Structures are given as C-alpha cells and as structure tokens.
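Side chains included, hydrogens not; waters and symmetry mates left out as well; all remaining heavy atoms used. All figures in this text were calculated on a predicted structure; none of them were measured in a lab. A, B, ... follow the sequence lines: proteins, then strands. Residue 1 opens every chain.
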Amino acid sequence: MLDHTYIHYITDPSIAAQQVATLAQEPILGVDIETYPLPAYRNRAKAGLDPYLAGIRLVQVASGAGRVAVFDLLHLPPTILTPLTTVPWVVFNGDFEYRHLTHAGLPVPRLQDAMFLDRLISHRLRDLAEVSCDILGQSLDKTLQTSDWGTAQLAPAQLEYAARDALACLRIAEQLTPRIRLLGRHRLYNLWCGALPVLAGLELRGQAFDWENHARLTGVWQQKRDYWAAELTSLLGAGVNPASGKQVSEWFCSHPTAGDLKRWPKTAKTGLLKTGAAEVALYGRPPVVKPLLEFKKYQKLMNTYTDNYVAHQHPVTGYLHPRFWLGGTRSGRISVSNPNTQQVPRYDDFRALFIPPAGKLLISADYSQIELVVAALLSKDQAMLDVYRHQGDLHRTTAAAIAGINPEEVNPDQRQAAKAVNFGNLYGQGPASLAETAYLDYQVSMTTDQARQALQRFDQAYPALKAWKRQQVAAAQQLHKVQTPLGLARDFEVQGVGFLQGEAQNMPIQGAAAEILMSALNRLPAALAGLDAQLYHTVHDELTLQVTPDDADAAAKALQESMVQGFLDIFPEAEEVITKPEVKRGSSWAAVH
DNA sequence: GATCAACGCGCG
DNA sequence: AAAGCGCGCGTTGATC
C-alpha cells in the first residue's frame, strides 16, 4: 500500500486551497490528525492528546487513488479545510478528531469510524496498528506517534507516518464496510457513528463538579475511615493491615471463633478466605464484622473517589472530562474511563457533586426495568408482556407466582424477594447465589431450597422466557455465538455448558438495551435542535442533559420522545409495552433521581 | 521502580 | 466441582 502512496506536504495557502477543492470532489476521504502540546503544558503528561492543552499540527487527507495531502496548520489557517466537510470522512477512533477539530472551531462532517467497523467483527476495540496488521496485512510502526509534532521542521519520516495512517483508515473502511453490510451489522455501525459526536461533545464540554463540597465530603470519609482503622488495630493487632485480604484471611484462620471457618468460601486462585464484604457479613462474627465492613466501605470511597477525582479536575475547564467508549464492552454498552463516572456511589451527598454549569439545570430520565422489558420482548413471553401491557408490576406478579397467591395479596417482603428472583433469573443465577444476593442486596432471607423453588416457579410463570434462554445457550454451544437484535455477536469457545450459560443468556438482553440507548442518543441532536440543551451524562439506561431553564420544558419533552422512539427503533412492536420515561429536573444529579 | 495477577467493589 | 451478567480501577503482593 505504502509503495503507491503519494504524499503531498502542503504549507502554501494557495496550493492548499487548490488541493482542498480537488479533494472535495472525492466520494469519501481518509482523515487523520497529529497534535502537539501547547508550550504552557509541554511537561504535562499526555497534554498533546487534550484539545484544551494541544494544537493541531497536521491534517492528513487520503483519497481513493492512494494520494495523501498533508496540511501543515503551522503555516495554514485551519478554515482553509472547510470545503472538505462536504465529503464524509473515514477516521480511526474519530472521537479524537471530533474533539480537536471542534475545539479548534472547525466544522466536522459525518464521521465513518474504521475502529467501529473493526469492533463489529473483532469483538473488542483494537488500535490502528493491530487492525492494520490484521485487516491490511501491513504492520504500522507507531514509534513516531509520540514524536515532537510541534517542531518547526517536520522530518520526512514524520510526514510519511502521518500520511500512512490516513490512508490506512480509508483502506480498512474499503475492506470492512461491505463485510459489515453483508453481516447485517450496518445499522449498529451507523448508530455508533451517529452517537460519536454526541458523546465526543459531552467529553469536550465535560461534567461540571462541585469541588468545594467534594473536599468537605473527603474529610468526612477520611475521619470515618481512620476511626474504624483504629478500632481494627485494637481488635486485630497492629501487625494486621485490614486492607490486605491475605492478612485478614490469615487472621481469621488463626482466630477460629471469629468466624464460621467451615463454611467460609475461598478465593479461586490462592485458596485464601474470601474477604469481600459479602463473605465477612455472612461468615464473620462480632465484634470484628462491623468495624471491618465500615473500614472497607470508607477505604473504598477514599481510594476511588477522592484524590483520583481531584487528579482529573481539568486545568482549563475545572470540570471532569471522562472518556466514553462506544462499543467498549462485549455486550455493546458504553464504557467510561478517566474517571469512570458510570460507577459513582449512589449516596445523595456524592451524586449531589455532579452539577450543571452555572445558570443551567439538569434533566434526567431512565428506562424502567429495561432489561426485564427487553427479555419479555426478545422471548415474546406473553405472561411478561401482559404485565407490561397493563402497566402492571412484574415484581408483584412474580411474587404472586412464587407464593401461589393473588397479586393483591403480595406483601412487601415477598415483592422484595421477587425482585431478586427477577433480576437473578435473567443471568442464569443458581439457587445458592440467589439466596445470597437476596439477603445482601435485597435484605430478604431465603434458604437455598426456597431459592431453588422460586426459580422453578419463575420458569413456570414465564415459560417462553425459559425456552428463549435455553435457545440462547444452545446457540452458544452449537453455533458458538449469540447476538443482539442489530447483530452484535459474542463468540464462545467450545467449552463446558456451565461456563457460557449466564453469558449467553445475558448478552443479547444487555446488548439490546444498549442498542435502545444508542438509538435514543442518535435522536438527540435533531430533537434538541434550537434548544440550549446538551448531553451531560449517560449510564446504561439513563440520559441526563444540562439545559437552560427557559428550554427545560421543551428539552424534557424532546428527551422523553427520543427515548421512546429510540426504544421503538429496536423493538417496533413494543408500543403498547413500554412506559414513557419520567423526566426529572434539578440542580444536581442527586436531585434528578 | 515497573509490571502483573489476583482480588475486591463501585455502578447498571 | 461450581460458577448470575457487563464494566474500570483501586490495593496488595509477587516478580523482574
């Protein structure tokens, strides 16, 4: 491929304009950019990757014949590239290009992302070098990726490197686009491409955060952590680090009266006592249990949500700017990192730290019980669908089926237990595990036998769901894959049935729910057009927007409509089954729950 | 000092 | 043999 690459390095404005006019005639362009840290942030790690801390040095534009124009923005005004935006671009991990170009004030056309194309056949996100090697049979040396892109005189090798990547994007797309269409996965591909600018916009804006109260809360947590640590020192002895599973396990083993050692579960690899909160709560004995659980709780909060958050406070905006990875999980859900604001503790005092920018408010809605609704739709289980059709309460219905009574006779404890059964069942949970989660997560005691019976009654109550689950396991065993409505597949190696059962049952359900959310995200730009409303956050079944108060009513309507229509995009037959998500508004994330 | 496996735990 | 799904990321402890 490289042999036929013709690189045109452009620094002259009139030549640039001429080239841009020619390239704008192409049906599609491969595009890549190179960035460099601004002088003020030269010593800051990865500043060159952050649009606020970096400049765009090169924009490389590849066309089908294998020619690559390399525009040097050190010598050219960025706006000279504007005519190129009449042509679709193929990029790789286009989130990066979108954020940098948008921050630089350049319009960005609809992006085709070769990373997504690859994701749809490779089952995980891969970088350009790996994809190039695999799909094009061409190894890409990435050593120049981190070279000095701010230097006055770029080396020929740098220009070649830059050009090569842009062309690789185009060639990968040429290879994979027909394959994705043939596999019937282009709808999901298009949803990812459509969601890309929505999420990249969120990443660029960031999430406003209340740092003052965060510091206050950190102090409270630290005090509590230290208090319980001191308690543990007197109970366990100064030589035992309560944060060390190994040491805690050894302490329990040498103090047999402190726990039920006979029944205490062991870790898989090292054979120590499991020292998770669940095991400590179930198999430990007073007086060690409470201090240990309290210590673990505040230790976790301190470790994950204090200094680490401060480290992610952006030097320019002061906000959090997490990265949202489309297709980041095996089921097609979005994953989030740096920091992962999808795993924020549900305590109100912490969620209250997530606030809109000054003068705005948050509005938020989530899909109610989306995975159960999706399971009903995928399996076409009439009993389940009937419950939702009549705006019934599935937990109550299941509770009635388990106890063999009428739904009106169900008491709160029974309903709570049924919740555990409903959710556990979706993932192929066994009786012992169900009994444990029922106790730990739902505060309901049941014996393993009762759990077994509950699971059986569930299967009897929803026979089509049971059949569907069995069908998924069979597909995993015989075809070695299961898939979502839009064709995202999960492959299974040949192995024992037990290993894949839960995964095979859950993946299509979780994946379908993710596709619904993806559709809603795709609908947002049009629905919010003309309104001062932007995406603030999304967590699997929830969308949160920041809006100006004047537009709150209209935005709430648009959000609800996007979510309803997004659901129907994946399950057109669901009209009478789904309930409209309720949109809440408030001055923080805690207030919209 | 850097890296890795193992474990644990926050969320949906 | 038994095992509820999907993540990101923290510490511990072993190893290089």
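- Across all strands shown, Ala277(A) has heavy atoms under 4.0 Å from sugar-phosphate atoms exclusively, and none from any base.
- Between Thr267(A) and the phosphate of dA6(B), there is no side-chain N or O to OP1/OP2 separation shorter than 4.0 Å.
- The ring of Tyr309(A) has its center closer than 6.0 angstrom to the ring center of Phe350(A).
- Searching all strands for a Watson-Crick or G-U wobble partner of dC7(C) with both distances below 3.5 Å returns dG10(B).
- Within 4.0 Å of Lys269(A), counting heavy atoms only, lie sugar-phosphate atoms of the nucleic acid but no base atom.
- To the nearest 0.5 Å, atoms OG (Ser335(A)) and CG (Asn340(A)) are separated by 7.5 Å.
- Counting any heavy atom pair closer than 4.0 Å across all strands shown, Asn425(A) reaches no nucleic acid atom.
- Between the side chain of Arg333(A) and the base of dG12(B), at least one donor-acceptor pair of N or O atoms lies under 3.5 Å.
- You'll find a donor-acceptor pair under 3.5 Å spanning the side chain of Gln343(A) and the base of dG8(C), going by distance alone.
- Atom P of dG4(C) sits at a distance of 15 Å from the matching atom of dG8(B), rounded to the whole Å.
- Among the atoms of the strands shown, only primed sugar atoms or phosphate atoms (P, OP1, OP2) are found under 4.0 Å from some heavy atom of Lys296(A).
- At a threshold of 4.0 angstrom between heavy atoms, the contacts of Gly245(A) with the nucleic acid are absent.
- At whole-Å resolution of the value, NZ in Lys297(A) and C1' in dC11(B) are 16 Å apart.
- Protein atom CZ of Phe295(A) is 9 Å distant from nucleotide atom P of dT12(C), rounded to whole Å.
- Using a 4.0 Å heavy-atom distance criterion, Thr341(A) is classed as making no nucleic acid contact.
- Taking only side-chain atoms of Gln247(A), from C-beta outward, the nucleotide of dG13(C), dG8(B), dC9(C) with the closest atom is dG13(C).
- Comparing dG4(C), dG10(B), dG10(C) by their nearest atom to the side chain of Thr304(A) picks out dG10(C).
- At the heavy-atom level, Arg351(A) lies under 4.0 Å from the strands shown only through sugar-phosphate atoms.
- The CD atom of Gln510(A) sits 17 Å away from the P atom of dC11(B) (whole-angstrom rounding).
- Across all strands shown, Tyr305(A) has heavy atoms under 4.0 Å from sugar-phosphate atoms exclusively, and none from any base.
- The base of dC5(C) lies outside donor-acceptor range of the side chain of Glu503(A), with no N or O pair under 3.5 Å.
- Proximity of Arg99(A) to Glu203(A): side-chain heavy atoms (C-beta onward) are separated by under 4.5 Å at one or more points.
- Proximity of Asn308(A) to the phosphate of dG10(C): a side-chain N or O atom is located under 4.0 Å from OP1 or OP2.
- Proximity note for Ser337(A) (side chain, C-beta onward) versus dG6(C), dG8(C), dC7(B): the nearest is dG8(C).
- Put simply, the residue from Phe354(A), Tyr319(A), Trp589(A) that forms a ring pair (Phe, Tyr, Trp, His ring centres under 6.0 Å) with Phe209(A) is Phe354(A).
- In this structure, of dC9(C), dG6(C), dG13(C), it is dG13(C) that holds the atom nearest to the side chain of Lys246(A).
- One interatomic measurement links the two molecules: CZ of Arg346(A) to C1' of dG12(B), which rounds to 9 Å at whole-angstrom precision.
- For the OP1/OP2 pair of dC5(C) and a distance below 4.0 Å, the side-chain nitrogens and oxygens of Ser331(A) include no atom meeting the criterion.
- Checking each of His480(A), His123(A), Lys481(A) against Asp491(A) for a side chain to side chain donor-acceptor pair (under 3.5 Å) leaves exactly one that passes, namely His123(A).
- Within the 4.0 angstrom heavy-atom criterion, only backbone atoms of the sugar-phosphate kind lie near Ala268(A); the bases stay farther away.
- For the pair Gln429(A) CD and dA3(C) C1', the computed distance is 11 Å after rounding to whole Å.
- Put simply, CZ on Arg330(A) is 10 Å from P on dC5(C), counting in whole angstrom units.
- Listed pair Ser244(A) / dG13(C) meets the phosphate criterion, a side-chain N or O lying under 4.0 Å from OP1 or OP2.
- For Arg225(A) and Trp228(A), the positive end is not near the middle of the six-membered ring at less than 6.0 Å and at most 45° from its axis.
- Not one N or O on the side chain of Asn506(A) forms a donor-acceptor pair closer than 3.5 Å with the backbone of Gly502(A).
- When the C1' atom of dG8(B) is taken as reference, atom CG of Asn241(A) falls 14 Å away, rounded to whole Å.
- Within 4.0 Å of Asn338(A), counting heavy atoms only, lie sugar-phosphate atoms of the nucleic acid but no base atom.
- Ser433(A) comes within 4.0 angstrom of a nucleotide base, judged by non-hydrogen atoms across all strands.
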